[in-house]
Structures are given as structure tokens and as C-alpha cells.
S.K.: 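My questions all concern the structure below.
Order of the sequence lines fixes the chain letters, A, B, ..., with proteins taken first and strands second; residue numbering starts at 1 for each chain.
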Amino acid sequence: MHVPDGFLDAPTSLATGAVAVVAIGLSLRGARHELDDRVAPLAGLVAAFVFAAQMLNFPVGAGTSGHLMGGAIAAVLVGPRTAVLCLSVVLLVQSLLFADGGVSALGTNVVLLGLSTVLVGYAVFRLLAAVLPRRLSMVPVAAGIGAFVSVPAAALVFVGLYAVGGAVDLPLGTLTTAMLGVHLLIGLGEGVITFLAVGSIVAVRPDLVHGARAALGQRVLEVRPSRAGSTGVRA
Amino acid sequence: MRLLRARVGTRALAAGILVVALVLAGVLSSFAASTPDGLTKVAQDQGFAASETPHVAADGPFAGYGVDVIGDDRLSGGVAGVVGVLVVLVLAGGLALAVRRRSDEPAPR
């Protein structure tokens, strides 16, 4: 859902730019709550994966395709504040290096793909994680559903932005239906990819997954030598 | 309390994710759907696609996820994908390392 230059007028682009700057600033400050020596390497890799996955458009009906947005994946794996930073880096590189997403639309794209998907995806994830059994196997399920919801949510945010500053006078009802329709389908793809990606990391290294901390128990994991002499991880 | 044995070392996991990203961007991206994405299609159908203005970086060497000096489409797209993965990795990874809590700092509670 990369918005090009020209879709939204200058005041709206500036406003979303301001929101993006504030959000990124807050995330820079708050990310240290999520990132330590152990987990920090994962953030760069998650961003790299999201970038790569966003190149893989999948068909969602005749003549249309969609691609992963990645906000929910990033939020569940490395935490929401780090996720905002990861997605912002991806969007910046996409816009400046590959001309994907307008430069004047960077604020808009950060609000849509970096903020909306992260916030909605993570909120739904946390809600589900609270009501589902507190087991590791539930983490990718909750993440996948959060991801599925996050895509049409971002589509609605776009409609809202378009209502405020869209270049063309459009009937909002039609725009909403059109955007929701295709993005519900894209959300299905996002949900499946998120479930698989989060599931694969949870399966091998749940201790590195931000969203799995509750399922593992809230204590900080320590590496201690076991009595037999081999290293293990004591939860 | 259960004793868990870490099944995959952090370095192995990191390498694995990087390889996946490189294969996705460097190889599989050539086979991605080429139809317009959801927003673009809606813009075309609803009549606001034409309000798009040219991108300032449209003449850049990697614009459009290709390498302009490479003739073969697949190779061009693949190299562009690999470049993107590495640039994002360095920038995002560097940023994460810069803002992280060092090991000598107490965990916030």
C-alpha cells in the first residue's frame, strides 16, 4: 500500500510527516526497553526480511495483487517500538533507493505501514494472547490474526487520510468498500505469512521473540550451566 | 520451571533469516505477481490514479527494483533485491545496535 506523490495534498502530507516524526522519536526512546545485546541483532534481520517479503506480490483476484506489510510480524518478534523503527527504515530505503512510495508521501506511508499496522496488529495480538491459553503455540496464532486485522485497518486509515486531503473528490462509501474489499483479501495473506514466520522463530528460539515472553514466564532468561555440565536455558 | 535447551544458536538463526531474505528478494521476487497492488488497482478503478506525480528518484539506478545497467530482467531484479536487503539490514541493524540497552545496564521495569 505504498502511496505515491500526488495522491494526498501538501498539508495532509506534512501532517502525516509530523505524526511520523513524533512516532519515530518516541520509538527511538522506547526501543531500548525492547532491545538488549541479545535481541538487537534480530531487529535488523526482521527489517531485512520485511523488505524482502514486500517484494513478493501475490495475486488476490483478477488483476490485483498484494504484498506483506509486516507491521504485526515485526511487533510480535521485536516489540512494537522497534517495529516502528524497522518499518520506517524499510519505507525510507524503498522510497529513496527504489522509488517505491513517494518521498513527499513518506510520512503517509510511515503512518499507514509503519504505525497503523504495528499498533493494530500488536493490540489485537495482545488482546488475543490475554484470552487464549498462555502457551507458546498460541503466539503465532494470535500474531497471524493480529496481522490479518491490521491490513484492512490500515486501508481504513488511508480512506480517512484521503477524505481529509485526497487530490480527487471521491464518494467515500465507494472508496471504503473498494479499499476494504481488496485489503481483507491481502490481510488473509498477511495473516498466513505472519503465522508461518512467527511460528518458525517461536519453534526454534522463543526466548528471542518479544511476544512470547508471557508464554515463557516473565522472568528474564538466564543461561546457567546444568549439573551435567552442558549449557541450557532455565526459564 | 523447565530446562530448555536452545535448539538453534543465535548466529545460526541470524544466518538463516538472512539467507531467507536474500533468496526471497534475490530469486523469488522475479516470480512475484506483476499485477498492480490493491491500492494502485483501487486508484485506477476509482479514478484517482492519474493524480500521481513523478517520483524524484525515478531516474535512480535502482528505481523500480531493477538495476538499470543490467539487461536481463531476472538478474536485474535479483541484484536490486539483494542490494535492498543488505542496505536495510545495515541501516536497521545499526540503528537497533545504537539504541539498545547495553549489557551493563539494568533492565527497565
S.K.: Taking side chain as everything from C-beta outward and backbone as N, CA, C, O, which of these in A/Ile186 sits under 4.5 Å from a heavy atom of chain B? Side chain, backbone, both or neither.
M.R.: side chain
S.K.: Taking all heavy atoms of A/Gly189 and all of A/Phe58, pick out the closest pair and write down the distance.
M.R.: CA-CZ, 3.9 Å
S.K.: Enumerate by number any residue of residues 26-35 of chain B whose heavy atoms lie under 4.5 Å from heavy atoms of chain A; in the absence of such residues, state 'none'.
M.R.: B/Leu28, B/Ser29, B/Ala32, B/Ala33, B/Thr35
S.K.: If you take all heavy atoms of B/Ala57 and A/Leu96, which pair is closest and at what distance?
M.R.: CB-O, 3.6 Å
S.K.: For A/Ser13 and A/Thr108, work out which heavy atoms get closest and say how close.
M.R.: CA-OG1, 4.3 Å
S.K.: Would you mind checking which part of A/Leu185 comes under 4.5 Å of any heavy atom in chain B, side chain (CB onward), backbone (N, CA, C, O), both or neither?
M.R.: neither
S.K.: Quick one: what part of B/Leu95 sits under 4.5 Å from any heavy atom of chain A, side chain, backbone, both or neither?
M.R.: side chain
S.K.: After noting the C-alpha distance and the side-chain angles of A/Leu196 and A/Val192, does the key distance pass the side-chain contact (heavy atoms from CB on, under 4.5 Å) rule?
M.R.: CA-CA 6 Å; A/Leu196 292 172; A/Val192 169; 4.1 Å; yes
S.K.: Using a cut-off of under 4.5 Å for heavy-atom pairs, which of A/Val168, A/Thr64, A/Val89, A/Val182 has the most such pairs with chain B?
M.R.: A/Thr64
S.K.: For the residue pair B/Thr53 and A/Gly6, what are the closest heavy atoms and their distance?
M.R.: OG1-N, 3.7 Å
S.K.: Using non-hydrogen atoms only, which part of A/Val93 is less than 4.5 Å away from chain B: side chain, backbone, both, or neither?
M.R.: side chain
S.K.: Out of A/Ala62, A/Ala52, A/Ala197, which one racks up the most heavy-atom pairs below 4.5 Å with chain B?
M.R.: A/Ala52
S.K.: So which heavy atom on A/Met69 is nearest to which on A/Val151, and how close?
M.R.: CE-CG1, 3.9 Å
S.K.: So do the side chains of B/Leu24 and A/Met55 get within less than 4.5 Å of each other, counting heavy atoms only?
M.R.: no
S.K.: Quick check on B/Val20 against chain A: is it the side chain, the backbone, both or neither that has a heavy atom closer than 4.5 Å?
M.R.: side chain
S.K.: Counting only heavy atoms closer than 4.5 Å, note whether A/Ser95 contacts chain B via side chain, backbone, both or neither.
M.R.: both
S.K.: What residue, out of B/Pro54, B/Pro36, B/Ala25, has the most heavy-atom pairs lying under 4.5 Å from chain A?
M.R.: B/Pro36
S.K.: Is A/Asp100 reaching over with its side chain to a backbone N or O of A/Gln94, donor-acceptor style, under 3.5 angstrom?
M.R.: no
S.K.: Out of B/Gly16, B/Ala80, B/Gly84, return the one with the most heavy atom pairs under 4.5 angstrom to chain A.
M.R.: B/Gly84
S.K.: Using modelled atom types only, decide if a donor and an acceptor are shared between the side chain of A/Glu190 and the backbone of A/Gly70 within a distance under 3.5 Å.
M.R.: yes
S.K.: Taking C-beta and beyond as the side chain, do A/Leu156 and A/Met179 meet within less than 4.5 Å on heavy atoms?
M.R.: no
S.K.: Can you check whether A/Val46 reaches A/Thr82 side chain to side chain, under 4.5 Å on heavy atoms?
M.R.: no
S.K.: Can you tell me which portion of A/Glu34 sits under 4.5 Å from chain B's heavy atoms? Options are side chain, backbone, both or neither.
M.R.: backbone
S.K.: What part of A/Val39 gets closer than 4.5 Å to chain B, counting heavy atoms only: side chain, backbone, both or neither?
M.R.: neither
S.K.: Side chain from CB out, backbone as N, CA, C, O: work out which of these in B/Val85 comes under 4.5 Å of a heavy atom of chain A, or both, or neither.
M.R.: both
S.K.: For the candidates B/Gly94, B/Gly93, B/Ala92, which exhibits the highest count of non-hydrogen atom pairs separated by less than 4.5 Å from chain A?
M.R.: B/Ala92
S.K.: What part of B/Ala43 gets closer than 4.5 Å to chain A, counting heavy atoms only: side chain, backbone, both or neither?
M.R.: side chain
S.K.: Pick from A/Gly166, A/Gly102, A/Gly181: which one has the most heavy-atom pairs with chain B under 4.5 Å?
M.R.: A/Gly102
S.K.: B/Val79 versus B/Val83: any side-chain heavy-atom pair under 4.5 Å?
M.R.: yes
S.K.: Can you tell which of A/Ala40, A/Gly63, A/Gly61 has the highest number of heavy-atom pairs within less than 4.5 Å of chain B?
M.R.: A/Gly63
S.K.: Tell me whether A/Arg81 contacts the main-chain N or O of A/Arg29 through its side chain, where contact means a donor paired with an acceptor under 3.5 Å.
M.R.: no
S.K.: Name the member of B/Val88, B/Leu13, B/Val90, B/Val87 that forms the most heavy-atom pairs with chain A at distances under 4.5 Å.
M.R.: B/Val88
S.K.: Please state whether the side chain, the backbone, both or neither of A/Ala155 comes within less than 4.5 Å of a heavy atom of chain B.
M.R.: neither
S.K.: Please report the shortest heavy-atom distance between A/Pro206 and A/Ala212, naming the atom on each side.
M.R.: O-CB, 3.7 Å
S.K.: Do the non-hydrogen side-chain atoms of A/Val78 and A/His210 ever get within less than 4.5 Å of each other?
M.R.: no
S.K.: Relative to chain B, which segment of A/Ala167 carries a heavy atom at a distance below 4.5 Å: side chain, backbone, both, or neither?
M.R.: side chain
S.K.: Select one option (side chain, backbone, both, neither) describing which atoms of A/Leu42 are under 4.5 Å from chain B's heavy atoms.
M.R.: side chain
